[in-house]
Amino acid sequence: MQKNIQAIRGMNDILPESTPLWRYLEGVLQTVAASYGYQEIRMPLLESTELFKRSIGEVTDIVEKEMYTFADRNGDSLTLRPEGTAGCVRATIESGLLHNQSQRLWYQGPMFRHERPQRGRYRQFHQFGVEAFGLAGPDIDAELILMSARMLERLGLKDNAVLHLNSLGTVESRQIYREKLIHYFEQHQAQLDEDSRNRLYRNPMRILDSKNPQLRDLISRAPKMGDYLDEDSRRHLVGLLAMLDDARIPYQLDPCLVRGLDYYSKTVFEWVTDQLGAQGTLCAGGRFDTLVEHLGGKPTGAAGFAIGMERMVELLRDRRVHDVQVAPQCYLAMMGEAAQRYGIQLAETLRSRLPQLRVLMNCGDAGFKAQLKRADKSGAAIALLIGDDEVRQNRVTVKYLREERTQEQLLLEQLIERLATFVN
RNA sequence: GUGGGCGUAGCUCAGCUGGUAGAGCCCUGGAUUGUGAUUCCAGUUGUCGUGGGUUCGAGCCCCAUCGUCCACCCCA
């Protein structure tokens, strides 16, 4: 048997039954971002591999084993973007957007990581990302967190998520902390599991967010980043917490919160839910003050976050949020060849006169009864009936499908007037 | 990359200790000629994921393979 070609593993189609929900979600996020004065930016899906190696970090899992990397025809190494920040920074530097000015930007679109798919984790997944450049203080961190909180609130998901917060300090203070941590875990090496032992010298902070319950005790007694923060980072964090308190945004300080990408510094945060299984991070972000410089720009403070769209959609699906109108307002049923030719002209006229109207025209052979069934199934409020009689009289029979109302025969202008009341 | 569960009609699934396939939904037609959500009647749908093995005989047992889901890992 010939095998049908299937979608690439971990890359899903978004079918018509869910696209309205996606558009609703995207619409809410865009509206909120705009209400904070953020502008949209669109970057290519493909970037030079070097960009991601330099920004995400050579020793991260993403770069080591999760990137879709391949050679262009001329031999250049290209990579399908595994996240949006790197490309966004590259674009803003390249276009001079950071020259003596700050930028507040958002983007959305697919990202690609070669991981084993599971609930809430796919090889092509979608993010809505927000980035702010050229602003060094805790005020912009607060703005971003407030924005993310508002997004959740608008979507009715405020009670589904908890805000986790931590500070990773500057690169220098983190270096000191890192050594303390290695020293601590070295002394208890026997208690570490295999994963953690592997991470001990490569990325000891990752041991902190291990899920192994046998390590919980050991981890809870480990040195805390908070005790090693430099003065600047400490003041930054205190300032941010005060602003969050003012805004009455509850948060949970989480000394074990470590982000997976190397470029983060100072503030990091995550909105986490317990309703999605193992992949519960809905939204995550933080500051990345050294990245712009690292990619060749002038030293520029920066912060941002990204929302995992699939995870949001899954939460919204449970709540049956449904706001987007796609059903046609009227369905055109026709009997006979003359009626069909009349009807197709009529449908065009209606679309010209009422641009907001959604007209679904019956196509293909079907009995009158079957056409009405289709009209009902389409969700249309009205069926427009055309047969020989209507063609002769130049009228259209209007049948109301969703209300007790006697049907009527209308001339074109009357019909347009009537249909106009169903458009909004 | 490592584990475990599952793969039967378009969808959701049933199929008893092995005897060459079923239900509901959907779709189509009909219950007198041009009037839809209900009801009734009728009909279509499958090399039971794929390949091999055991057996007189396999959807059911064994092996392999692919796919999928969940978890580890990782992260949005």
Side-chain angles (χ1 to χ4, degrees), chain A residues 1-10 12 15 17 56 60-66 81-85 108-130 148 161 193-196 198-199 203 206 209-212 257-261 269-273 276-286 304-315 331 333-336 339 362 364-391 397-402 406-407 409:
Chain A
M1 187 176 76
Q2 182 196 333
K3 253 193 257 165
N4 286 331
I5 297 173
Q6 290 179 292
I8 305 303
R9 179 203 291 259
N12 302 123
L15 300 175
E17 61 170 356
I56 295 169
T60 57
D61 280 33
I62 293 178
V63 169
E64 281 185 339
K65 50 196 191 199
E66 295 175 0
R81 62 184 189 190
E83 54 99 44
T85 301
Q108 67 178 27
M111 308 293 165
F112 304 85
R113 289 182 203 170
H114 192 103
E115 298 181 272
R116 191 75 163 257
Q118 73 182 74
R119 186 175 186 196
R121 186 175 80 181
Y122 308 98
R123 289 186 175 179
Q124 174 173 332
F125 61 102
H126 298 77
Q127 287 188 340
F128 187 97
V130 178
S148 62
D193 59 16
E194 197 187 329
D195 281 333
S196 298
N198 288 336
R199 287 188 287 225
N203 200 344
R206 294 228 62 89
D209 63 359
S210 167
K211 281 181 191 166
N212 188 341
L257 177 58
V258 181
R259 313 289 4 279
L261 293 70
F269 68 94
E270 280 186 2
W271 286 96
V272 183
T273 179
L276 290 180
Q279 309 295 331
T281 305
L282 293 172
C283 168
F305 65 83
I307 289 172
M309 298 292 274
E310 280 80 0
R311 296 174 185 181
M312 297 290 248
V313 165
E314 200 173 329
L315 281 183
Y331 190 99
M334 296 149 290
M335 284 294 277
N362 187 77
D365 288 330
F368 194 65
K369 198 175 189 124
Q371 293 193 49
L372 275 175
K373 257 184 195 166
R374 289 177 193 172
D376 183 48
K377 227 188 109 185
S378 77
I382 289 173
L384 299 181
L385 314 181
I386 301 172
D388 292 341
D389 293 350
E390 283 82 358
V391 173
T397 297
V398 178
K399 178 180 173 66
Y400 300 93
L401 299 172
R402 313 283 162 207
T406 50
Q407 68 183 43
Q409 295 203 316

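Below, chain A is the first sequence line, B the second, and so on; all start at residue 1.
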| message | What's the gap between C62(B) and G24(B) when it is taken at their P atoms, as a whole Å value? | response | 32 Å
| message | Considering every strand and a 4.0 Å limit on heavy-atom distances, what is the contact class for G277(A): base, sugar-phosphate, or nothing? | response | sugar-phosphate
| Hey, does A375(A) reach any base, or is it just sugar-phosphate, or nothing, if we go heavy atoms under 4.0 Å? | nothing
| Quick one: D376(A) CG to C27(B) P, roughly how many Å, whole number? | 11 Å
| Tell me: OH of Y122(A) to C1' of C75(B), nearest whole Å? | 13 Å
| said: Using 0.5 Å steps for rounding, measure from the CZ atom of R113(A) to the OH atom of Y122(A). | reply: 14.5 Å
| request: Can you sort out the partners of Q371(A) under side-chain hydrogen bond (donor to acceptor under 3.5 Å, both in side chains), two or more places apart, ordered by chain and number? | output: N362(A)
Please produce a list of atom pairs where a protein N or O lies less than 3.5 Å from an N or O of nucleotides 39-44 of chain B.
none

| query | Taking the C1' atom of each, how far is U12(B) from G52(B), in whole Å? | reply | 32 Å
| Pairing stems for RNA chain B [at least three consecutive pairs; Watson-Crick or G-U; under 3.5 angstrom] | B:1-7 with B:66-72, B:10-13 with B:22-25, B:27-31 with B:39-43, B:49-53 with B:61-65
| remark: When rounded to whole Å, the NE2 to P distance for the pair H114(A) and C73(B) reads 19 Å
| Who pairs with E390(A) by salt bridge (charged side-chain N to carboxylate O under 4.0 Å, His left out), at least two apart in sequence or on another chain? | none
| message | Say we look at C73(B) and C13(B): how far apart would their C1' atoms be, to the nearest angstrom? | response | 34 Å
Atom pairs, N/O to N/O, protein against nucleotides 2-4 of chain B, distance under 3.5 Å?
{"from": "U2(B)", "atom 1": "O4", "to": "R116(A)", "atom 2": "NH1", "distance (Å)": "2.8"}

| field | Partners meeting salt bridge (charged side-chain N to carboxylate O under 4.0 Å, His left out) with R123(A) (sequence neighbours left out) | value | none
| said: Could you tell me how far apart I307(A) (CD1) and C75(B) (C1') are, to the nearest whole angstrom? | reply: 15 Å
| field | Euclidean distance, M309(A) CE relative to Q108(A) CD, rounded to 0.5 Å | value | 5.5 Å
| Contacts of type side chain to side chain contact (heavy atoms under 4.5 Å, CB included), residue D376(A), not counting sequence neighbours | R402(A)
| query | Just how far, in rounded Å, is P of C73(B) from CZ of R113(A)? | reply | 17 Å
Give me the distances for all protein-to-nucleotides 29-34 of chain B N/O pairs that come in under 3.5 Å?
{"from": "G34(B)", "atom 1": "O6", "to": "D389(A)", "atom 2": "N", "distance (Å)": "3.3"}
{"from": "G34(B)", "atom 1": "O6", "to": "D389(A)", "atom 2": "OD2", "distance (Å)": "3.2"}
{"from": "G34(B)", "atom 1": "O6", "to": "E390(A)", "atom 2": "OE1", "distance (Å)": "3.3"}
{"from": "G34(B)", "atom 1": "N1", "to": "E390(A)", "atom 2": "OE1", "distance (Å)": "2.9"}
{"from": "G34(B)", "atom 1": "N1", "to": "E390(A)", "atom 2": "OE2", "distance (Å)": "3.2"}
{"from": "G34(B)", "atom 1": "N2", "to": "E390(A)", "atom 2": "OE2", "distance (Å)": "2.9"}

| All side-chain hydrogen bond (donor to acceptor under 3.5 Å, both in side chains) counterparts of R81(A), not counting sequence neighbours | none
| said: Using heavy-atom distances to pick each residue's nearest nucleotide on RNA chain B, tell me which of L372(A) and G280(A) is more 5'. | reply: L372(A)
| task | Report the distance from atom CD of E314(A) to atom C1' of C69(B), rounded to the nearest whole Å. | result | 12 Å
| task | Evaluate the criterion side-chain contact (heavy atoms from CB on, under 4.5 Å) for residue pair I307(A) and W271(A); output intermediate values, then yes/no. | result | CA-CA 9 Å; I307(A) 289 172; W271(A) 286 96; over 6 Å; no
| task | Check side-chain hydrogen bond (donor to acceptor under 3.5 Å, both in side chains) between E310(A) and all other residues, then give those that pass, not counting sequence neighbours. | result | H126(A)
| request: Working to the nearest 0.5 Å, report the span between CZ of F269(A) and SG of C283(A). | output: 5.0 Å
| said: When the C1' atoms of C27(B) and A9(B) are compared, how many Å lie between them, rounded to an integer? | reply: 13 Å
| remark: Interatomic distance, CE@M111(A) vs CD@Q124(A), rounded to 0.5 Å, equals 10.0 Å
| request: With rounding to the nearest 0.5 Å, note down the distance linking CG in L276(A) to CE in M312(A). | output: 10.0 Å
| message | Nearest to the side chain of Q279(A), heavy atoms from C-beta on, is which of A76(B), C75(B), G67(B)? | response | C75(B)
| task | Rounded to whole angstrom, note down the P distance from G57(B) over to C66(B). | result | 29 Å
| Considering residues at least two apart in sequence or located in another chain, which fulfil the ring-ring contact (aromatic ring centres under 6.0 Å, His included) criterion with Y331(A)? | none
| Using the P atom in both, what is the distance from G59(B) to C16(B), to the nearest Å? | 13 Å
| request: Name all pairs fulfilling the salt bridge (charged side-chain N to carboxylate O under 4.0 Å, His left out) condition that reach into residues 377-388 of chain A, sequence neighbours left out, sorted by first residue then second. | output: none
| query | Is K65(A) touching bases, backbone alone, or none of the nucleic acid, heavy atoms closer than 4.0 Å? | reply | nothing
| K377(A) side-chain proximity, nearest of G36(B), A76(B), C27(B) | C27(B)
| task | Between P117(A) and A306(A), just flag the one whose closest nucleotide in RNA chain B comes earlier from the 5' side. | result | P117(A)
| query | Rounded to the nearest Å, what distance is computed from the CZ atom of residue R206(A) to the P atom of nucleotide C75(B)? | reply | 4 Å
| task | Give a yes or no on whether the backbone of T85(A) and the side-chain of E83(A) come within a donor-acceptor separation of less than 3.5 Å. | result | yes
| Counting side-chain heavy atoms from CB outward, which of G67(B), C75(B), A76(B) is closest to R9(A)? | G67(B)
| R119(A) CZ - C72(B) P separation (whole Å) | 12 Å
| What about Q118(A): does its side chain form a donor-acceptor pair under 3.5 Å with the base of C75(B)? | no
| message | Would you measure the distance from the P atom in C26(B) across to the matching atom in U38(B) and give it in whole Å? | response | 7 Å
| query | If we take the P atom in both G18(B) and C56(B), what is their distance in whole Å? | reply | 16 Å
| task | Examine distances only and state if a side-chain atom of R121(A) and a backbone atom of R116(A) form a donor-acceptor pair shorter than 3.5 Å. | result | yes
